[in-house]
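Keep in mind it's a predicted model, so treat the numbers as computed, not measured.
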Amino acid sequence: MEISIPNKHKDFFHNVYDVVRLIPKGRATSYGAIAKYLGSPKSSRMVGWAMNAAHQFSDVPAHRVVNRNGMLTGKMHFSSPNKMEELLRAENVHVKNDKIIDFKEVNWDPTAELEL
DNA sequence: CCATTGACTTAAG
DNA sequence: CCTTAAGCCAATG
């Protein structure tokens, strides 16, 4: 029987996964930052969609990807609604009221860090 | 093919 | 900082 892996080697999704894997521990980035790094600043939603499929990969720390406001918008998509928050907290990232405290300090911009 | 939805972003108040 | 409205793009029905 065939494996249910939806994709192969398109680009956007694969690209997103690569960037997310590069996010340092204890850091976080936003969907828009990734989208912008990929050349489509307006495709922030697509990044989120890609992350939804990213759960198939163990190397993609989706918990390090939050929205621009530092809010854990995707927490409900994890195995448990609290899983994302715990993962972040385990990396010394303080989360309060479903959003990252001092997000500006833990924010990791691929465009700046990777110096495209 | 058209309509709806969504792990978003930006702008305006 | 919070709310509302509009824009954007692909997947899904």
Side-chain angles (χ1 to χ4, degrees):
Chain A
M1 62 191 201
E2 296 84 334
I3 305 179
S4 314
I5 297 180
N7 173 8
K8 337 50 222 182
H9 37 303
K10 268 319 191 177
D11 335 320
F12 207 88
F13 281 40
H14 182 271
N15 231 323
V16 172
Y17 303 145
D18 277 350
V19 177
V20 175
R21 287 193 194 99
L22 294 176
I23 302 176
K25 190 167 183 253
R27 296 282 207 125
T29 189
S30 57
Y31 305 93
I34 298 175
K36 184 173 185 176
Y37 176 72
L38 298 181
S40 301
K42 303 300 182 185
S43 304
S44 44
R45 278 187 148 131
M46 303 301 86
V47 177
W49 202 264
M51 305 271 34
N52 201 0
H55 270 292
Q56 303 167 81
F57 309 90
S58 24
D59 297 70
V60 182
H63 63 275
R64 291 184 190 149
V65 184
V66 295
N67 75 347
R68 171 194 179 291
N69 199 19
M71 187 178 286
L72 283 57
T73 48
K75 61 177 298 182
M76 60 172 78
H77 291 269
F78 280 74
S79 28
S80 181
N82 240 16
K83 189 62 184 297
M84 187 176 186
E85 188 173 328
E86 287 187 23
L87 287 171
L88 285 171
R89 190 164 295 186
E91 297 184 357
N92 204 32
V93 178
H94 295 162
V95 177
K96 188 68 173 184
N97 197 13
D98 296 343
K99 67 176 192 274
I100 300 178
I101 308 177
D102 302 327
F103 175 60
K104 38 180 271 181
E105 296 188 12
V106 298
N107 185 17
W108 181 82
D109 187 357
T111 312
E113 302 295 330
L114 300 179
E115 286 289 330
L116 178 62

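Counting any heavy atom pair closer than 4.0 Å across all strands shown, Asn52(A) reaches a base atom. Within the nucleic acid shown, Ala62(A) comes within 4.0 Å of at least one base atom, counting heavy atoms only.
Proximity of a side-chain donor or acceptor of Asn69(A) to a complementary backbone N or O of Met71(A) within less than 3.5 Å is not detected.
By the 6.0 Å contact criterion, CZ on Arg27(A) is enclosed, its count of non-hydrogen atoms from other residues, nucleotides or ligands being greater than 12.
dA7(B) atom P lies 18 Å from atom CG of Leu87(A), rounded to whole Å. Phe12(A) places its CZ atom 14 Å from the C1' atom of dA11(C), with the value rounded to the nearest Å. To the nearest angstrom, C1' of dC9(C) lies 15 Å from CG of Asp11(A). Atoms CD1 (Ile34(A)) and C1' (dA10(C)) sit 17 Å apart, rounded to a whole Å. Atom CE of Met71(A) is separated from atom P of dT9(B) by 11 Å (rounded to the nearest Å). In this structure, CG of Asn107(A) is placed 11 Å from P of dT9(B), rounded to the nearest angstrom.
Applying the side chain to side chain donor-acceptor pair (under 3.5 Å) criterion to Glu91(A), with sequence neighbours excluded, gives His63(A), Arg64(A). With sequence neighbours left out, the ring-ring contact (aromatic ring centres under 6.0 Å, His included) criterion links His94(A) to no other residue. Listed by chain and residue number, nothing satisfies the ring-ring contact (aromatic ring centres under 6.0 Å, His included) test with Phe103(A) (two or more places apart in sequence, or in another chain).
Within residues 17-31 of chain A, the residues having any heavy atom closer than 4.0 Å to DNA chain B are, in order of number, Ser30(A), Tyr31(A).
In terms of polar N and O atoms assigned as donor or acceptor, the side chain of His63(A) never comes within less than 3.5 Å of the base of dA7(B) in a complementary pairing.
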Enumerate all atom pairs, one protein N or O and one N or O from nucleotides 10-13 of chain B, separated by less than 3.5 Å.
residue : atom : partner  : partner atom : Å
dT10(B) : OP2  : Arg68(A) : NE           : 2.5

Please list each protein N or O that sits under 3.5 Å from an N or O in nucleotides 1-6 of chain B, with the distance.
none

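The nucleotide whose nearest atom lies closest to any side-chain atom of Thr73(A) is, among dT9(B), dA7(B), dC9(C), dA7(B).
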